Amino acid sequence: MDKSLYTLDFMRHTYENFPIGVFVYGDDEQGEIVYTNPRMLALCDCKNERGFRELTGGSLFGMIHKNRTLLLDDIKDQLHASKDRFTLNCMIVTANGSCRPVELAGHVEDEKTGSHLIHVFVINEKGRLPSYEVDSVTGLPGMRRFIAAAHEVVRENAQKSHPDRLYLLFFNISHFKMFNVNYGITAGDKFLKMMGESIRQVFSDSFISRFDVDHFMVLAEGGDIDRCLKEVHDMMGVRIFFWTILVVLTLSLSFLCILLDSCRPR
């Protein structure tokens, strides 16, 4: 397989903590899967990569419960029309013997890199994850738009002679579902709006998404990221305090920051 712009270290560094399933496979007749993140393993009810390979044979065609010829034709037709992406509604096999319905979005790496890898994201698993283009609560882009935009930004940046420092920021609101149960969806939506507004104020020049129910993601260029994260944290602390002390006792905010260009192939 040709050397990829995205090395295995890059995949692990970038996708390991995604709240959605991600896998990467070779664009050839074998459809060899070269990477699966922990969420993807969980969707297939596999405890580790070894179990996943035993279940699927390490191949796209062993994972997706669909006629191989029809699957290839479907993907090829979409790639011919869009050049670099496709979506699939299909069933994936699981270790417990059942099949799980999912919606997949695939992106082909830039042909200029000489790579033949396709990165695939599970954008809907049994309807659990939002697949909206724009979130109606916060007004921010949803998962699909963020994945598509981030893919383009990272790809273009990697081709620069002097790439920018890109950061992928992952905001997690702990215990949010329990908060909705205790205080109602209206209160939960109010918190999400405050969260979106705080992130927008601090990262005004970055691409922001309400990526999942209680997760926000930001693709940011350079700058003092530690200071920006502290600003968001402090801003939310002030807003929460003046809203209701109950939230302070129920919710907490955690961050994950990934420096994307730190693992580019040298």
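These numbers were taken from a predicted model, which means no experiment stands behind them. If you read the sequence from its start, that first residue is 1, and numbering goes on from there.
Residues forming a side chain to side chain donor-acceptor pair (under 3.5 Å) with Glu231 (at least two apart in sequence, or on another chain): Arg227. Residues satisfying the side chain to side chain donor-acceptor pair (under 3.5 Å) criterion with Asp45, sequence neighbours excluded, are Asn96. The side-chain contact (heavy atoms from CB on, under 4.5 Å) test applied to Thr138 returns Asp135, Leu140, Leu192, Arg210, Phe216, not counting sequence neighbours. Applying the ring pair (Phe, Tyr, Trp, His ring centres under 6.0 Å) test to Phe121 and every residue at least two apart in sequence or in another chain returns Tyr15. Every residue was checked against the salt bridge (Lys or Arg N to Asp or Glu O under 4.0 Å) condition with Glu16, not counting sequence neighbours, and none meets it.
In terms of modelled atom types and a separation under 3.5 Å, the side chain of Thr94 and the main chain of Ser98 share a donor-acceptor contact. Between the Thr87 side chain and the Ala105 main chain, no donor and acceptor come within less than 3.5 Å of each other. Checked by atom type and distance alone, the side chain of Arg100 pairs as donor or acceptor with a backbone atom of Leu43 at under 3.5 Å.
Hydrophobic side-chain contacts under 4.5 Å tie Ile185 to no other Ile, Leu, Val, Met, Phe, Trp or Tyr residue.
The distance from the CZ atom of Phe191 to the OG1 atom of Thr186 is 15.5 Å, given to the nearest 0.5 Å. Separation of atoms CD1 (Ile199) and CZ (Phe171) is listed at 4.5 Å; rounding is to 0.5 Å. Separating the OH atom in Tyr35 from the CG atom in Asn37 is a distance of 4.5 Å, to the nearest 0.5 Å. Rounded to the nearest 0.5 angstrom, Ser206 OG and Leu169 CG are separated by 7.5 Å. Atom CD of Gln78 is separated from atom CG of Leu88 by 6.0 Å, given to the nearest 0.5 angstrom. Of the inter-residue distances, the one linking Arg200 atom CZ with Ser204 atom OG reads 11.5 Å to the nearest 0.5 angstrom.
Electrostatic pairing of Lys230 and Asp226 does not count as a salt bridge here, judged by no charged N lying under 4.0 Å from a carboxylate O.
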